[in-house]
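Some notes on the structure that comes next.
Only a predicted model underlies this, so the values are computations on that prediction, with no experimental measurement involved. Chain letters run A, B, ... following the sequence lines, proteins first, then strands; residues in each count from 1.
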Amino acid sequence: MLNSIDIPKAARALPQIALVGNPNAGKTSLFNALTGSRQKIGNYPGVTVEKIVGSLELEGQQHELIDVPGLYSLTAISTDEEVAIGALLESGQAPELVIYVLDASNLERNLFLFSQLAETSLNVIVALTLTDVVKREQGEIDLAALSSHLGCEVIPVVAYKETGISQLKDAMVRALADPRELELDVGFPQIVLESADRVVDQMNRWGVDLKRKDARCVLLDEHCTTGDRFREIPELWNVVEEERAKIFGHTVQAKTVDAQSRYAWAAKVKRDSYIAPTVPRKFTKSDRIDAVLTHRFFGLVFFLLLMYGVFQSIYTLAAPFMDLIDGGKTAFADFVSPMLAGAPAVQSLVVDGIIEGVGSVIIFLPQIMILFLFIAILEGTGYLARAAFLMDRLLGWCGLNGRAFIPLLSSFACAIPGVMAARVMPDQRSRLMTVLVAPLMSCSARLPVYMLLIGAVIEPRYGPIWAGFSLFLMHFIGLAVAIPVVLVLNKGIFKGKRLPFMMELPKYQWPRWKDVLLTVVSRAKVFLVTAGTIIFAMTVIIWALLYFPRGDEKAYKAQWVAQGHVAQGEEFDHFLEMRQREDSILGRFGRTIEPVFKPAGFDWRLTTAILAAFPAREVVVPAMGILFGTGADVDEESPSLQSSMNAAKWPDGRPLMTPWSAASLMVFFALCCQCMATLAAIKRETNSWKWAAFAFGYMTALAYVLSIAVYQIGSRFG
Amino acid sequence: MTEKILKAKDLKRGMKARVVSINEEEDVCPRLLELGLFPGTEFQVVKIAPLGDPIEINLHGYKLCIRRSEAGCLRLVELD
């Protein structure tokens, strides 16, 4: 028996309940209130890009609750929408119950998707959200009228206050016990319905069982999924085509009729169930805020100031915490080190490898947490959507999209969550482009290099204002380079349609601090788990490459004495250690390829540090510490490392570190993809090592060419 | 009431317009229909992004941001 809408129930362990609704209707907040496992709540339309599952107990029975990505209609235009619709309509996937999350402050548009859902065989009840907003605007919803129009229970909820949650649970129990198909008549034109009846008759004659609403769906939308089973059978499809021709001729368009009918119905429902305020307010608070924040001049000024403020805060606010972590690390190393004095190799492994490795992971937490504090607040207030609105022209002309702003901004803390956040892009192509340029954004792991070089070379010469400005420039360069990269990718590699930009600006509100805190903590955890382990492993490996083989100390001593020095004291120890590194596996390799990086102003030490940083750029500062003979227990603010870098010279006596070699090195680190974890994330998101290899290749090439350009051009002018 | 044909690129802040027809064969236009932009829909331009695009319009009791280029499949008339 063929019947497309009798969706077979899935063979799953627990009954499934799906939360479905328009983007921004309050689905995620409701999901949190129901499951108790609170996770990210955003104002930005489309924040729920993954299928998020929680568990819910109703009368002693466990249920699976899924948070379906936001939808505007049951016709997908993106992979995310396909996934969401598939979760509802694909055979074997249908949930036992759908809770349609209906935004009371935007009834008409939200009822469009409801009208489509009501035509499926899904068991639907309605959770009415944002009634607090309606009340604040002095409107009122007539629940009885709304419920009778929709043909199902309507439960008002205010998720963050947990109002209505128990009533909703009771309604869920009732609906699960007595599943019903909705019988909704949105009032399509008579001519369409008569045609649908004729199609049903004809199909029945061919032995195909078809419901009237399915016939109507196929008539108004040739891609309607109910037509899938006979679209390829010419005799059957002809029946549909003939009726379509009868209704529409060649002028009127079928989808237009469909949309008009549904909105006409929605307008009627709203008329009957929404009591408008007697004195409509002309401007809401959000409108007044937006008059400034999306103003053509002040809006942009505010945006730029805000972004600049965020980065200056990271520069200054994170520093004391980083000092604390660094101090703790050094103290611990000093405590452990004497215990292992009997075995120099083990001592070095523990101190320079393991403790250093753990330290170089934790040291980034303050920056990551401060940045995500800002991101979570911006998201919670609704400003992040404005940022997308402001930035769309800037990102859109080259083929990206204002929505790429979130992944790209996230990438400023770490490209790994940034790459993962690229899922907010509603199509494959823009997502891929965003993933490929996200690692160009200057992540927090690059900060130590900037701070080391700015602190050692720029600040002493030009003062703190230029130091801050250099830091800002280094964060800007990745963004500036990303634009031509996207342009080339867009024209050269990807073909096809541009991504539509359709979104809403949510009303401003105070962020929910619990959610802000949760975002900050979960980002920190993501960093520790996904990036931290790789960084730690790489630190130990790099330690080994810099430690072995052990050179001949007597020969080094002879060298030192031959230079007219006395073979004792701290300077001698530093010389010994440096010579060991120079003759290590990595040191020899660095020397071998020094000519490759010489045009960029890097000697063998900087080259070796760059090589050491390819798996994870975090290790570069300790690597430099070793290579410049100050030992590994340094950070970017260690005066000893800064002064020994400033003292370093080329064999011909020229100083190694000039403002331009520092700039060149920073540009190299800004653009090069020195992060295994990012490449792993790209591989996972694009499902191919090809794109990971591509990202690595193009970024390394860009870094090499541009750092040479900076050094060569800069050095000519001073 | 005077009516004149309007292009999406000429929409200015505060302007009111009505959709007279839509080419539903173009790329993103079926989505515009689903969001409520079909013949007969009247809307007002609420905001224009500082760089000129996208724009925010008020329709069917809600506000939507769209790009001018993506509103190109709409035939509009200006309303007073």
Taking all non-hydrogen atoms of both residues, which atom of [X] and which atom of [Y] are closest, and how far apart?
X	Y	answer
Gln260(A)	Phe38(B)	CG-CD1, 3.3 Å
Lys255(A)	Leu33(B)	CB-CD1, 3.7 Å
Pro54(B)	Phe501(A)	CG-CE2, 3.3 Å
Leu51(B)	Arg393(A)	O-NH1, 2.6 Å
Arg67(B)	Leu400(A)	NH2-O, 3.4 Å
Thr256(A)	Pro39(B)	CG2-CD, 3.4 Å

If you count heavy-atom pairs under 4.5 Å between each of Arg262(A), Lys270(A), Arg296(A), Arg109(A) and chain B, which one has the most?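 Result: the option with the highest number of such pairs is Arg109(A).
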Name the region of [X], side chain, backbone, both or neither, that has any atom closer than 4.5 Å to a heavy atom of chain B.
X	answer
Phe112(A)	side chain
Asp287(A)	side chain
Leu394(A)	both

Would you check if Lys63(B) and Glu504(A) make a side-chain contact, meaning some heavy-atom pair closer than 4.5 Å? no
State, with a plain yes or no, whether a side-chain heavy atom of Asp290(A) is found less than 4.5 Å away from one of Lys47(B).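 Asp290(A) reaches Lys47(B) side chain to side chain.
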Which atoms of Leu37(B) approach chain A - backbone, side chain, both or neither, heavy atom under 4.5 Å: neither
Just to verify, what does Cys65(B) make a disulfide (SG to SG under 2.5 Å) with, not counting sequence neighbours?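 If we apply the disulfide (SG to SG under 2.5 Å) test to Cys65(B), skipping adjacent residues, there are no hits.
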When only pairs under 4.5 Å are counted, which of Thr41(B), Leu59(B), Leu35(B) shares the most heavy-atom pairs with chain A? Leu35(B)
Expected output: side-chain Tyr62(B) to main-chain Asn106(A) donor-acceptor under 3.5 Å: no
Show your working on side-chain contact (heavy atoms from CB on, under 4.5 Å) between Met502(A) and Leu32(B) and close with a plain yes or no. CA-CA 9 Å; Met502(A) 288 166 196; Leu32(B) 289 178; 3.4 Å; yes
Arg68(B), CZ atom: more than 12 neighbouring heavy atoms under 6.0 Å: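 Counting other residues, nucleotides and ligands, CZ of Arg68(B) exceeds 12 neighbours.
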Atom CD of Glu34(B) and atom CG of Asp258(A): how far apart are they, to the nearest 0.5 Å?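 Here the interatomic distance stands at 8.0 Å.
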